[in-house]
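Just so you know, ligand 1 is whichever comes first in the structure, and atom 1 is the first atom listed for that ligand. We use all heavy atoms of the structure for the numbers below, so side chains are in, but hydrogens, waters and symmetry mates are not.
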Amino acid sequence: MNNCPEHAAVKVLKFGGTSVGTFDAVSRTMDIVASRTDSEVVVCVSALSKVTDLLYAISDAAASGDEEKVNGFMYELRRRHQSLAQSLLSADPVRLEKASEKINEICDTLFAVVRSTLTLGDVPDRIKAVIISNGEILSSTIICFALNSKGIRTGFADARTMIYTQGDCLCGEPCFDKIGQAVPKVVEDTFARGTAFPYEGKARDGQRNQVVITQGFIASNLQRSASVLGRGGSDYTASIIASALNASKVEIWTDVDGIQTTDPRICKGTRRIEHISYSQAARMAYLGAKVLHPMTIAPAVSRNIPVYVLNTMNPECDGTAIVPEEESKGPKGIAFKRNLYVFSFTLNGWEQLKDKINDHLRPDVVAVKEDKVVMTVDFSVNLGLFLKMAAGVTDIDLRTGKGQISVVGKNLIGIAPELESRIPALAAHSGKLLKDSELSYIVDSSSLEDTIREIHSLLFN
Ligand code: ADP
Ligand code: ASP
Ligand code: MG
């Protein structure tokens with residue numbers, strides 16, 4: 001990636017859907033941004049909470065030709081953004097009018113795209129990518145107006161002009177060389193422009209912007225049509241931008257006090273992890289801890305940039321620092337996935353299929369159990385192609401209805417016997433992987449949550 005010393009002090013702040021979902025949340029978000037303007041700041045925002053789901057629903061309704069549903073969802077989309085703009089900009093009628101026009105323009109263009117697919121009986125992925133990109137465009141537009149209205153000089157940068165991907169347009173793979181060239185240029189132009197939007201012309205007083213706001217998740221592919229980085233991809237955008245700018249840090253602002261020992265939504269009494277190494281945080285995310293997109297850590301590692309996970313609802317909390325630190329011994333956290341494919345092969349079948357498996361299935365965990373190889377694969381993977389390739393090579397036992405629980409840490413092998421003797425669901429497991437840095441167990445989905453709570457209580461309470 002491009003080395004860009006002039007941006008060495010820039011910070012990248014990413015705000016997730018719940019941090020930009022309501023008037024209160026955006027107000028907190030803007031206070032946090034204001035408190036960070038001792039250096040230049042790049043703000044990367046997600047769509048308002050649930051808006052990406054709504055855009056997927058619009059696309060599905062269009063694919064099934066349901067015009068009434070499309071109209072209802074589009075109405076909801078427009079109303080939600082207009083009412084947020086209204087509440088944030090009620091004291092600034094000039095900006096409110098401009099923001100409102102812009103929201104209508106974005107929604108009108110989107111509506112035209114969606115309507116054009118209504119009779120096709122299908123929405124191709126490249127059009128779906130166009131549709132779902134609008135959530136981040138809408139949220140960043142409104143927040144850009146609101147930050148300027150609050151007196152924070154903020155310029156708008158369209159991520160589609162600097163984040164490039166290849167491959168699947170709904171889960172693109174970043175083209176780091178191209179991004180490394182484009183991001184410093186677009187960001188610097190936007191700081192230098194000194195106005196909010198390109199159409200507002202040159203700043204009269206010639207001052208630089210303090211903040212550049214851009215969008216997480218959305219990108220362009222090499223043919224310059226729309227693409228996205230996959231669900232939850234805004235975290236990834238933030239660290240990609242930070243790496244391209246050689247930023248001083250990345251702050252991921254969300255709705256929890258940092259990375260917890262497990263998901264607080266399913267387990268009471270979780271604890272904040274104060275420090276975690278890059279590799280342990282990446283592994284937790286990869287193994288299902290939804291607080292971070294699984295790829296977030298890699299770009300930061302390439303530049304040794306610290307990543308902090310912080311709570312927009314409780315900004316005084318120190319959150320979690322993800323740093324290249326020495327790992328302390330013992331368990332750090334528990335990650336899990338609810339729905340997985342579990343494959344078993346004979347050892348012979350495994351040998352024959354190993355390369356295809358690694359290319360097509362990207363397994364989470366591969367473990368040997370007696371004379372079998374047991375492997376878990378994320379539900380989102382497209383199995384069809386692999387099963388075709390594997391047909392006739394070996395007998396494959398494929399199960400669903402299973403979940404996976406993974407304890408991440410260091411020097412863990414010693415704690416496995418106690419876990420297995422005290423927790424029946426682990427003793428009855430159908431597959432496990434025990435490593436110094438990771439214990440993973442496959443359990444029935446029906447006992448997943450109880451088992452996580454039991455493991456958590458044994459390890460952390
Ligand atoms: P955002 O919209 O800010 O990106 P997400 O919903 O993607 O937020 O991620 C935050 C959520 O991740 C939390 O509300 C929490 O339920 C979930 N989560 C899962 N595992 C963990 C964990 N180990 N620590 C903290 N939060 C977790
Ligand atoms: N808005 C996108 C999603 O809901 C990306 C993100 O929130 O990180 O998946
Ligand atoms: Mg997220």
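- Taking a cut-off of under 4.0 Å to the non-hydrogen atoms of K14, the atoms of ligand 1 that pass are 4 (O).
- In summary, the atoms of ligand 2 found under 4.0 Å from a heavy atom of T52, numbered by their order in the structure, are 1 (N), 2 (C), 3 (C), 4 (O).
- Polar contact with ligand 2: present for S46 (N/O pair, distance under 3.5 Å).
- Considering backbone and side-chain N/O atoms, G232 comes within less than 3.5 Å of an N/O atom of ligand 2.
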Trace of the side chain to side chain donor-acceptor pair (under 3.5 Å) decision for K128 with S59: CA-CA 6 Å; K128 205 178 237 188; S59 168; 4.6 Å; no

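- Counting only heavy atoms of the protein, atom 2 (O) of ligand 1 lies nearest to G17 N, 3.2 Å.
- In summary, of the residues considered (T154, L147, I213), a side chain to side chain contact (heavy atoms under 4.5 Å, CB included) with V33 occurs for L147 alone.
- Protein heavy atom in closest approach to atom 4 (O) of ligand 2: R231 NH2, 3.0 Å.
- Counting protein heavy atoms only, atom 5 (P) of ligand 1 is closest to K290 NZ, 3.9 Å.
- Within the 4.0 Å heavy-atom cutoff, G233 counts among the residues contacting ligand 2.
- Residues S457 and N461 bring no donor and acceptor atom of their side chains to less than 3.5 Å of each other.
- Side-chain contact, S239 with T296: no donor N or O sits under 3.5 Å from an acceptor N or O.
- Considering every non-hydrogen atom in both T320 and I273, the closest pair reads OG1-O, 2.6 Å.
- The distance between the ring centers of F197 and F145 falls below 6.0 angstrom.
- Between K14 and V43 there is no side-chain heavy-atom pair separated by less than 4.5 Å.
- Here H293 has no heavy atoms under 4.0 Å from ligand 2, in either its backbone or its side chain.
- Under 4.0 angstrom from ligand 1, there are no non-hydrogen atoms of S19.
- In terms of modelled atom types and a separation under 3.5 Å, the side chain of D66 and the main chain of A62 share no donor-acceptor contact.
- Nearest non-hydrogen protein atom to atom 6 (C) of ligand 2 is S234 OG, 3.3 Å.
- At a cut-off of 3.5 Å, with distance as the only test, a side-chain donor of N104 or R78 sits close to an acceptor on the other residue.
- The two atoms that bring T18 and A25 nearest to each other are O-CB, 3.4 Å, heavy atoms only.
- Nearest residue to atom 16 (O) of ligand 1 from V309, I252, D263, N311 is D263 (criterion: closest heavy atom).
- Of the heavy atoms in V256, only side-chain atoms (C-beta onward) come closer than 4.0 Å to ligand 1.
- The ligand atoms of ligand 1 that sit less than 4.0 angstrom from a heavy atom of D255 are 10 (C), 11 (C), 13 (C), 14 (O).
- Annotation for ligand 1: atoms under 4.0 Å from non-hydrogen atoms of T254 are 1 (P), 3 (O), 8 (O), 9 (O), 10 (C).
- Side-chain contact check for Q82 and S100: at least one donor-acceptor pair (N or O, by modelled atom type) lies under 3.5 Å.
- Not a single N or O atom of D235, backbone or side chain, sits closer than 3.5 Å to an N or O atom of ligand 1.
- Atoms of ligand 1 lying under 4.0 Å from at least one heavy atom of P264, given by number and element, are 25 (C), 26 (N), 27 (C).
- With hydrogens left out, the protein atom closest to atom 24 (N) of ligand 1 is Q260 N, 2.8 Å, a heavy atom.
- No side-chain heavy atom of I131 sits less than 4.5 Å from a side-chain heavy atom of Y56.
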Can T165 and S227 be said to form a side chain to side chain donor-acceptor pair (under 3.5 Å), step by step? CA-CA 7 Å; T165 66; S227 66; 2.7 Å; yes

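- At a 4.0 Å cut-off, at least one heavy atom of G258 sits close enough to ligand 1 to count as contact.
- Within the 4.0 Å heavy-atom criterion, neither part of T261 lies near ligand 1.
- For atom 27 (C) of ligand 1, the closest non-hydrogen atom of the protein is V291 CB, 3.6 Å.
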